[in-house]
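Report on one structure; see the data block that follows.
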Amino acid sequence: MIEIDKEAIFRLGDCEVIPNENSLNFSEPLPQGVSHAKVSIQPKFIELLSLLARKYPNVVTRDELIDCIWEGNRYVGAKALTNAVWHLRKQLNPLLGGEQAIETVRKTGYRLLIEPEFDASDLVDKPDLLRAEQAKVKRLSRQLRSGVCVAITLLLILCGGAGFHLYQDSQRLLQTELIQLTRSAGAELYPAVSPDGRWLVYGKRSNLYLKDLASPAQTPKRLTSKRTRELRAVWAPDGKSLIYPSEDSQTRECSMNRLILESHEVSRLAECYSYTSALDISTDGGTLVYIWREREELDSGLYLLELEEADSAPVRFSCESNCGYRDRDVAFSPDGKWIAIARRYGTISEDIFIQDILSGEEVRLTQGLEDIRGLSWGPDSQTLVFSTENSGIRDGFVVDIESKELLPLSISGFSYPKFIPHRDELVYSNYIKDFSLAYLALDQDIPSTVFPISQAEYSYRNPDYSSVTKRIAYVSNETGFNEVWTSDHNGFNRVQLTDLKRRVAYPSWSHDGSKIAFLAPDDKNEGNKIHILDLSSGGISILPSRFLDHRRPGWAWGDEWVLSSTHEGLTAFSLHNEAPKHLSSIDVRLSKMTDANTILFTRYDEYGLWRMDISQPQRVEPVIAAEDFRESYNWTVTDKGVYFREVHTGYQLINYRSFTTDLTTPILKLPSSSLSSFGAMSYIPGERRLLMTLSEYSKRDVIKLKHKLLH
């Protein structure tokens, strides 16, 4: 029987795979679609590729792959395997001219379709190996009889080797040691463990809950009132109190509160502006840092509040206005030297900075991330662990603040990490979410369900239908990046339209069906630009703009201008190099033109559906009042009315509002998590279908993680 070393180097056509270096090395000239001769990929991806190569040409079952690579942890392995195959295909498909390099065998597993070539020295015949080992034993026996010193030396070597292997095995086990801390239905967010390691606090359904980790069978205790809303909290260093932002459900007033756990006494510390505001407390417990907006004319930013000073007021220490970014998350380093800050540039780009507390000097640690979902300092104050979402896939990374090297944790669904105080373990919220396209058939006598039109292991979102081309434009991540695709109204005859290998978003058809506008990051990944795809030529152009950030694009009636909101308000951008036109100071979320002069839109500063006369932009009036329309993106307009989402506690409604009668009719009731807050709706007139983005996940649980990169 022939066995191949796990670390054996092998070739796949014009690509050399070196497992020890976690690298793919492509021969010159590079295959079409390959941009770099050497590509570094995650260790788990290399392990998977090596195993498929060693098993070639056989099919390797999903269970075997998860057992071998993820130590049998199916909770993590199922999604991680899909993610790994996806990334390997992206790198290897160019070797086959774009065809699949790894075949999915339905309901079984995967098979490598490129024959691997191994060096003969890595092929071992097991019987020959046994005879060789037996000969070695005889020689060692003779040497052992020659003297006690040799025996002692050999024993020390064996003990040292055994200890080394035991250490290596323990490190490998730590890489995927996951302990599930919560199991109830619902989404548990922003977990944090008390300094003594006994108590877990987290947010759920707009309230804070406390779980006794020493008695896991006990029901978690709700800490806050249903009259208020809370989601995230930090522990005081003594473990006796919690500090958290709280918002009154009726008045919407927000305050930063302290809760004494023993007495359940609540005291107000300062104002805040959102119950989801990011916050952290210094190691000595004396200073709170949080994100707030003191006045309407200021951007939200970072404030310091001295907790041990009576009647102290928050002091702002970040940029105040026209900053070009928004602070989104914050964390004190354990040594008290640094504050880590996650900053959003535009709508689809975010990065991490650290600021020296004494000098104010800043260091940028990352470049061109998409969406950061939590960050936490390691106990040594030299590393940060953070979660990021890239084209729909969430994972965790460790970044060294000196080298700026990013190391992947390879934990699918990793979100909102928080180190357990004084330990090299952390807790995080497991968040695995897929999106799919679906439609509601409006010609049913009693609409009863939505029907998916995309059924695959990838995410599909933000549909927009063109009545001229009779096709749907949408975003899919099946190439490893969010790109624009189209299909017919049933989801068939799919075509990939962009290959930017960037995070494209929000495709919008021109009225004549000849072009698609969408957003994609700029060259520095510090903002986004409006891109125009010409369907006749396949060319993509970028509309000139001095702005860093642009909201979802929409088309003016004649398709000569694209409408998008910037920090100055609603702006029209020309397709013919004319200067942009400022239409209104209103910050518009989503707009749709219904005729040559009329725009219907939603806005940031107020709920409701609004109407604007584009020839007289100062003429703005409500179409549906705020109390009847509290939706931002999940709405679409027809000749006779508006379809929109309405959110309730525990469920969502799809409604129809008639322009003729001004009456709202509920059409379909859906579970509360069915439609994403940042989704999209579109209408197919000929089929009388309502298109939407379904959000598919069951629940989010809190997980405790031990990992070798956390040591």
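The figures that follow rest on heavy atoms only: side chains count, while hydrogens, waters and symmetry mates do not.
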| said: Taking side chain to side chain donor-acceptor pair (under 3.5 Å) as the definition, give me every residue that meets it alongside E64, ordered by chain and number, with sequence neighbours left out. | reply: K55
| remark: Residues passing the side chain to side chain donor-acceptor pair (under 3.5 Å) test with E478, sequence neighbours excluded, are Y460, S476, R494
| request: Would you please name every residue forming a ring-ring contact (aromatic ring centres under 6.0 Å, His included) with Y506, sequence neighbours left out? | output: none
| said: Among N462, N528, V484, which residue satisfies the side-chain contact (heavy atoms from CB on, under 4.5 Å) criterion with F518? | reply: V484
| message | Tell me whether the count of non-hydrogen atoms from other residues, nucleotides or ligands lying under 6.0 Å of CD in Q100 goes above 12. | response | yes
| field | Heavy-atom side-chain contact between T693 and P463 under 4.5 Å | value | yes
| task | Please tell me if the side chains of I41 and L88 come closer than 4.5 Å, counting only heavy atoms from C-beta onward. | result | yes
| request: Output all residues satisfying side-chain contact (heavy atoms from CB on, under 4.5 Å) with K38, sequence neighbours left out; order by chain, then residue number. | output: E21, S23, N25
| Approximate separation, where rounding is to 0.5 Å, of N22 CG and I46 CD1 | 5.5 Å
| Nearest atoms (heavy-atom pairs only) where G538 meets L533 | O-CD1, 3.7 Å
| task | Start with the C-alpha gap between D488 and N493, add the side-chain angles, then the distance that decides, and say whether side-chain hydrogen bond (donor to acceptor under 3.5 Å, both in side chains) holds. | result | CA-CA 6 Å; D488 63 24; N493 302 312; 2.9 Å; yes
| said: Return the CZ to CD distance between R589 and E631, rounded to the nearest 0.5 Å. | reply: 9.5 Å
| Would a distance-only check, ignoring hydrogens and angles, find a side-chain to backbone donor-acceptor pair under 3.5 Å from S674 to P671? | yes
| message | Please give me the minimum heavy-atom distance between W70 and A84, naming the atom from each residue. | response | CH2-CB, 4.4 Å
| message | I'd like to know if R364 and D351 make a salt bridge, using a cut-off of under 4.0 Å between side-chain N and carboxylate O. | response | yes
| How would you list, by chain and number, every residue that makes a side-chain contact (heavy atoms from CB on, under 4.5 Å) with N58, sequence neighbours excluded? | none
| request: Ignoring hydrogens and angles, tell me if any N or O in the side chain of E370 forms a donor-acceptor pair with the backbone of I372 under 3.5 Å. | output: no
| query | Is it the case that T104 and R89 place a side-chain donor and acceptor less than 3.5 Å from each other? | reply | yes
| Distance, nearest 0.5 Å, that separates CG of D400 from CD of E405 | 7.5 Å
| task | Could you tell me which residues satisfy side chain to side chain donor-acceptor pair (under 3.5 Å) with R551, sequence neighbours excluded, listed by chain and number? | result | D549, D587
| request: Considering only NZ, NE, NH1 and NH2 on the basic side and carboxylate oxygens on the acidic side, decide whether D329 and R232 come within less than 4.0 Å. | output: yes
| said: For L51 and L65: C-alpha separation, side-chain torsions, deciding distance, then whether side chain to side chain contact (heavy atoms under 4.5 Å, CB included) applies. | reply: CA-CA 8 Å; L51 181 54; L65 292 168; 3.5 Å; yes
| Non-neighbouring partners of D371 that pass side-chain contact (heavy atoms from CB on, under 4.5 Å), sequence neighbours left out | R328, R344, E350, R373, E389
| message | Does L670 form a side chain to side chain contact (heavy atoms under 4.5 Å, CB included) with R645? I'd like the steps, not just the answer. | response | CA-CA 10 Å; L670 295 171; R645 181 188 73 149; over 6 Å; no
| said: Less than 3.5 Å apart, any donor N or O on the side chain of Y345 or R326 sitting next to an acceptor on the other? | reply: no
| said: Does R552 qualify as a cation-pi partner of Y633, given the criterion of NZ or CZ under 6.0 Å from the six-membered ring centre and within 45 degrees of its axis? | reply: yes
| remark: Here the pair of heavy atoms bringing L500 nearest to A520 is CD1-CB, 4.3 Å
| note | Tightest non-hydrogen contact, residues P408 and L709, listed as O-CD1, 3.4 Å
| query | Considering only heavy atoms from C-beta outward, does the side chain of L668 approach that of L653 to under 4.5 Å? | reply | no
| What's the verdict on side chain to side chain contact (heavy atoms under 4.5 Å, CB included) for E483 and R502, showing C-alpha distance, side-chain angles and the deciding distance? | CA-CA 7 Å; E483 303 282 2; R502 295 186 183 183; over 6 Å; no
| query | Judged by modelled atom types alone, do Q652 and S672 share a side-chain donor-acceptor pair under 3.5 Å? | reply | no
| How many angstroms lie between atom CD of E425 and atom CG of L705, to the nearest 0.5 angstrom? | 8.5 Å
| Among all residues two or more places apart in sequence or in another chain, which pass the ring-ring contact (aromatic ring centres under 6.0 Å, His included) test with F10? | F118
| query | Taking all atoms of both residues into account, what is the closest heavy-atom pair of L92 and A101, and its distance? | reply | CB-CB, 3.6 Å
| note | Looking only at heavy atoms, the pair that brings N482 and V504 closest together is O-CG2, 3.0 Å
| request: Go through the steps to decide whether R503 and N477 satisfy the test side-chain hydrogen bond (donor to acceptor under 3.5 Å, both in side chains), and finish with yes or no. | output: CA-CA 9 Å; R503 301 177 299 276; N477 67 357; over 6 Å; no
| field | side-chain contact (heavy atoms from CB on, under 4.5 Å) partners for V59, two or more places apart | value | V105, T108, R111
| Regarding R394 and the six-membered ring of F414, is the cationic atom NZ or CZ under 6.0 Å from the ring centre and inside 45° of its axis? | no
| said: Does any part of the side chain of K418, heavy atoms only, come nearer than 4.5 Å to the side chain of P191, both counted from C-beta? | reply: no
| remark: Output for pair (R205 CZ, L231 CG), nearest 0.5 Å, gives 12.0 Å
| task | Taking the side chain as every heavy atom from C-beta outward, state whether D119 and I9 have any pair of such atoms under 4.5 Å apart. | result | no
| task | Take L365 and L384 through the test side chain to side chain contact (heavy atoms under 4.5 Å, CB included) and record every step on the way to the result. | result | CA-CA 10 Å; L365 297 184; L384 275 164; 3.7 Å; yes
| Are the side chain of K669 and the backbone of Y651 linked by a donor-acceptor contact shorter than 3.5 Å? | no
| said: Holding to ring-ring contact (aromatic ring centres under 6.0 Å, His included), I want the full list of residues that pass it with Y683, two or more places apart in sequence or in another chain. | reply: Y643
| request: Indicate the ring-plane relationship of F386 and F397, choosing parallel, tilted or perpendicular according to the 30° and 60° boundaries. | output: parallel
Donor-acceptor pairs are to be reported for all side-chain atoms of residues 26-33 against protein atoms at under 3.5 Å, with residues two or more places apart or in another chain.
residue	atom	partner	partner atom	Å
S27	OG	R11	NH2	2.9
S27	OG	D14	O	3.3

| request: Would you please name every residue forming a ring-ring contact (aromatic ring centres under 6.0 Å, His included) with Y56, sequence neighbours left out? | output: none
| query | If you measure from OG on S415 to OH on Y190, what distance do you get to the nearest 0.5 Å? | reply | 10.0 Å
| Any side-chain heavy atom of P417 sitting closer than 4.5 Å to one from V427? | no
| Any chance the side chains of T486 and R471 put a donor and an acceptor closer than 3.5 Å? | yes
| task | Would you check if V85 and Y110 make a side-chain contact, meaning some heavy-atom pair closer than 4.5 Å? | result | yes
| Are N93 and K90 side-chain neighbours, meaning at least one heavy-atom pair lies under 4.5 Å? | no
